[in-house]
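Following: one structure in structure tokens, then a few remarks.
Counting convention: from 1, in listed order, for ligands and their atoms alike.
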Amino acid sequence: MKNHYRVVVIGGGVVGTSVLYHLARLGWTDIALIERSDLTAGSTWHAAAGFHVLNDDPNVAALQSYTIKLYAEIEKESGQSVGMHMPGGYSLATTPARWEWLKAEAAIYETLGIGARLATAEEIVADCPIVDPTGLLGGLFDPHEGALDPHGTTHAFAGAAKKRGADVVLRNRVTALAAQPNGHWRLDTEHGTVTAEHVVNAGGLWARRVGRMVGIDLPLTPMQHHYLITEDLPELIARKNEMPCVTDLEGFTYLQQERKGVLLGVYERNPKHWKTEGAEWDYGMELLPEEIERIGEELSIGFARFPRLQEVGIRKWVNGAFTFTPDGNPLVGPVPGLRNFWAACGCMSGFSQGGAIGLVLANWMVEGDPGADIFGMDVARYGSFASNDKYLRDTTAQFYARRFVIAYPNEELPAGRPLKMTPSYDAQKAAGAVFGVVWGMEAPQYFAHQPDFIEQPSLRRSNAYPIVAAEVAATRAAAGLLDTGVYGRYAVSGPKAAEWLDRLLANRLPPIEKLRLAPMLSPSGKLMGDLTVTCLAHDRFWLVGSYYLQEWHLRWFHDHLPSSGVRIENLSESWLGFSLSGPRSREILARLTRADVSDASLPFLGCRPLDIGLTQAVVARLSLTGELGYEINVPASQQRALWDALLEHGAPLGMKPIGMRAQDSLRLEKGYGVWSLEFAQSYTPAMSGLDRFIAFDKGEFIGRDAALAERAAGPSQRLVLLAIDALDADVTGFEPVSIGAQRVGFITSGAYGHHVKQSLALAYVDRSIAEKPVPLSVHVVGEPRTARILAEPPYDPKGLRLRG
Ligand SMILES: Cc1cc2nc3c(=O)[nH]c(=O)nc-3n(C[C@H](O)[C@H](O)[C@H](O)COP(=O)(O)OP(=O)(O)OC[C@H]3O[C@@H](n4cnc5c(N)ncnc54)[C@H](O)[C@@H]3O)c2cc1C
């Protein structure tokens with residue numbers, strides 16, 4: 001071990017070694033991995049080491065695909081076998097709902113070009129004769145499913161990294177970490193002190209403890225997991241080729257061939273945490289005692305699906321621990337608030353994701369950009385609320401127990417709720433609000449009006465459909481009132497505030513008491529935000545974005561902040577408000593203030609401080625519904641008073657409280673995109689149409705060169721609005737868009753346009769298609785439907801109502 005490295009990776013599991021390898025591959029060779037014990041000594045050594053491409057987040061699925069392709073490469077490079085078997089795998093459908101869901105998923109995987117295909121029950125049984133066909137309707141075959149040797153894989157990553165010049169230091173625990181005045185880190189280890197420019201926490205089962213060394217509390221926690229390995233099965237002894245893996249989604253079990261027997265793993269509905277803070281420092285390569293009774297119910301379902309297992313002995317039980325985060329995806333990237341301290345932990349699926357984590361982290365460190373949209377894995381997707389003990393235990397247990405349960409797009413899960421509520425939560429609840437959750441904040445989805453209303457989880461239009469229709473109708477006819485608790489708000493002030501914002505944002509800054517839509521770009525010209533910027537005074541601005549992006553945006557802001565002259569304050573918890581929109585919204589506003597709110601005094605994209613009822617509000621004139629509208633922002637403590645005042649004066653004029661579902665319908669009727677669906681890190685201004693909000697002639701700003709180059713070359717894909725001849729369901733996202741058998745794009749979001757009476761969607765399609773509209777086909781819940789590109793939004797294409 002040297003006494004200084006450019007990077008030290010803490011932890012020699014499959015993730016840490018992958019990070020080391022990818023850094024070396026990008027040419028950073030002054031790097032070391034420091035491991036407390038031996039390589040694989042955490043979760044890695046006793047993993048079932050199965051891998052697959054399929055993931056609920058298509059961006060993560062694409063990265064999993066990368067991981068799997070990498071194995072042959074590291075095997076070759078290191079000369080160490082990874083013990084890879086890839087017979088493919090079936091996910092079984094044994095209920096009609098599951099079969100429908102798998103068909104819809106299969107269509108989505110087409111978008112990713114993964115090559116998953118549907119299989120009949122007969123095909124599955126012919127391929128996997130130990131599967132009992134009772135109730136089997138079919139399945140989804142993923143050709144990229146298989147298993148590895150966890151020891152060989154980890155040593156292959158480490159060996160390949162060492163060949164490129166990296167150091168691997170074993171049996172040496174990092175005991176303390178301290179930030180140095182020069183921005184470097186000092187690492188105290190059992191065998192001496194070392195300094196490093198960058199530190200990566202790949203501490204796996206100990207990652208939370210490693211985080212505590214630098215004063216952070218990462219939202220990850222270990223949970224127990226069982227699998228068993230059987231004695232040899234005659235069917236497998238007789239077989240020449242390896243049997244594909246099988247996941248019995250309704251049965252909570254997965255199975256893979258292990259020599260001539262099988263490995264059967266269980267995701268039980270009654271999961272158990274283990275050492276919430278992380279393993280003890282002296283925890284060895286030990287198994288936990290098996291708890292067969294606790295997983296008994298799922299095991300009996302598994303044994304019924306694979307009845308031959310009842311006739312052979314069990315060679316080995318494994319109960320081990322690995323870490324989970326609230327959404328099951330890892331924590332990757334620069335940790336907000338710390339300089340050059342990186343997370344590569346919280347990974348429950350190291351053999352599907354380890355390679356990708358190494359790739360994006362190394363890209364990010366070396367090139368300054370992860371190279372892909374990895375928000376679904378980004379450590380900054382959570383705030384400190386997620387590390388609360390009960391929140392973490394409840395959400396991770398929910399994720400674990402639902403690992404194989406269908407996730408419906410209209411379903412709101414209960415764990416960790418309610419946590420954050422706006423002051424009008426109770427009043428909205430009394431008015432019938434059914435809440436969803438955004439970053440811990442309760443957000444109304446719709447107002448049900450019947451106290452016993454229960455929405456059926458469904459891939460099709462649910463029983464909430466008429467409720468949402470009524471909210472859309474009220475907004476188009478009179479006014480709708482939507483809680484904007486899910487906005488992120490930031491005050492930017494100081495003598496250099498204007499200069500700094502002008503460089504950060506791609507649009508020109510607005511004059512005083514005006515606002516503008518302002519894309520924010522990365523140096524490579526990718527979208528980093530779709531903010532609105534408001535000028536309140538020459539040295540005071542507001543930025544408004546998405547509530548759940550707070551840590552992510554603040555990390556970006558702080559990374560680009562000058563040493564003095566600009567102050568950023570996060571107002572997201574201290575300022576709240578409502579969006580009031582609809583043809584009667586001005587009339588309603590006028591009843592609540594003696595100020596002049598006429599178009600002349602408060603024009604479109606104007607913004608003014610106003611007394612609204614008893615509240616001291618900042619009122620901005622814009623809306624996402626396409627109607628005349630106002631975003632009324634107030635100090636959090638006044639939000640309840642604002643609700644009361646708006647209801648008192650708005651309801652008699654036909655105003656109704658509305659939820660996010662109505663807003664989705666309304667925005668799609670106008671063809672408006674939103675962040676994470678239409679606008680995201682993997683898209684560019686010209687693709688998304690946000691280039692119309694870029695002031696190319698204003699001088700230097702971050703991402704200008706890349707955006708100019710893209711404008712000159714033209715984007716390969718463009719965002720378009722589609723009308724779909726759907727029946728009783730609408731698209732949700734990532735369904736393929738095709739012309740005949742040729743895939744030409746994919747959906748970003750969809751909803752039924754209740755006012756225009758048309759199923760609508762936004763989609764990225766090849767530029768040639770966007771420019772020459774032709775009849776298209778879109779999969780809706782797995783069934784092809786005809787679709788066409790709309791040249792203009794079906795509602796108020798000239799924007800007259802918005803400006804009215
Ligand atoms: C029973 C079981 C079945 C599983 N099945 C699968 C599966 O089929 N497919 C799949 O993809 N995943 C599976 N997993 C999960 C998989 O094992 C993990 O996702 C993966 O091993 C995580 O790797 P890691 O490198 O992040 O962490 P770990 O393997 O825990 O490695 C962390 C390393 O950091 C070291 N370390 C920690 N703190 C320090 C310190 N202060 N100083 C020095 N070193 C330190 C530790 O000693 C350890 O070696 C399974 C896990 C178990 C237990």
Side-chain angles (χ1 to χ4, degrees), residues 8-20 32-52 64 67-68 89 145-148 150-151 153-154 157-158 168-177 187-191 199-213 220 222-229 245 247 254-256 258 263 265-267 274 278-288 290 316-325 328-332 343-355 357-358:
V8 169
V9 179
I10 302 174
V14 67
V15 173
T17 51
S18 165
V19 172
L20 191 75
L33 181 151
I34 301 184
E35 163 56 44
R36 180 190 63 100
S37 171
D38 286 311
L39 295 182
T40 77
S43 297
T44 299
W45 69 274
H46 52 327
F51 60 80
H52 53 262
Q64 294 187 175
T67 299
I68 294 163
E145 210 171 313
L148 296 143
H151 179 273
T153 305
T154 310
F157 274 128
V168 173
V169 182
L170 301 179
R171 287 172 285 285
N172 187 22
R173 177 160 69 89
V174 174
T175 54
L177 287 161
L187 297 93
D188 294 339
T189 78
E190 286 172 329
H191 300 301
V199 169
V200 180
N201 176 0
L205 281 178
W206 296 262
R208 209 164 177 208
R209 291 185 187 275
V210 173
R212 296 241 190 250
M213 292 181 189
L220 61 89
M223 297 185 73
Q224 299 189 27
H225 182 71
H226 284 80
Y227 65 78
L228 60 87
I229 297 175
C245 311
T247 304
Y254 61 90
L255 176 139
Q256 63 203 38
E258 176 78 19
L263 179 157
V266 179
Y267 274 96
W274 180 77
E280 309 299 338
W281 288 120
D282 60 357
Y283 177 66
M285 289 165 84
E286 303 153 36
L287 292 178
L288 310 176
E290 57 261 25
K316 188 171 162 194
W317 279 101
V318 172
N319 181 19
F322 53 107
T323 55
F324 285 78
T325 61
N329 279 328
L331 304 175
V332 182
C345 48
C347 177
M348 58 147 290
S349 198
F351 295 89
S352 298
Q353 300 180 338
I357 294 173

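- Checking only distances, V318 never comes within under 3.5 Å of ligand 1, N or O to N or O.
- At least one heavy atom of W281 lies less than 4.0 angstrom from ligand 1.
- Contact annotation: for M348 versus ligand 1, heavy atoms closer than 4.0 Å belong to the backbone alone.
- Among protein heavy atoms, atom 43 (C) of ligand 1 sits closest to R36 N, 3.0 Å.
- Inclusion of F351 in the set of residues having an N or O under 3.5 Å from an N or O of ligand 1 is warranted.
- For the residues S43, G50, S18, the heavy atom positioned nearest atom 10 (C) of ligand 1 is part of G50.
- Contact annotation: for W206 versus ligand 1, heavy atoms closer than 4.0 Å belong to the side chain alone.
- A salt bridge does not link K316 with E290: none of the charged nitrogens is closer than 4.0 Å to a carboxylate oxygen.
- Of the heavy atoms in A147, none comes closer than 4.0 Å to ligand 1.
- At least one heavy atom of Y227 sits closer than 4.0 Å to an atom of ligand 1.
- For the pair G350 and ligand 1, the shortest N or O to N or O distance falls below 3.5 Å.
- Of the N or O atoms in A49, one or more lie within a sub-3.5 Å distance of an N or O in ligand 1.
- Residue contact check for ligand 1: C345 places no non-hydrogen atom closer than 4.0 Å to it.
- Within the 4.0 Å heavy-atom criterion, the part of A202 lying near ligand 1 is the backbone and not the side chain.
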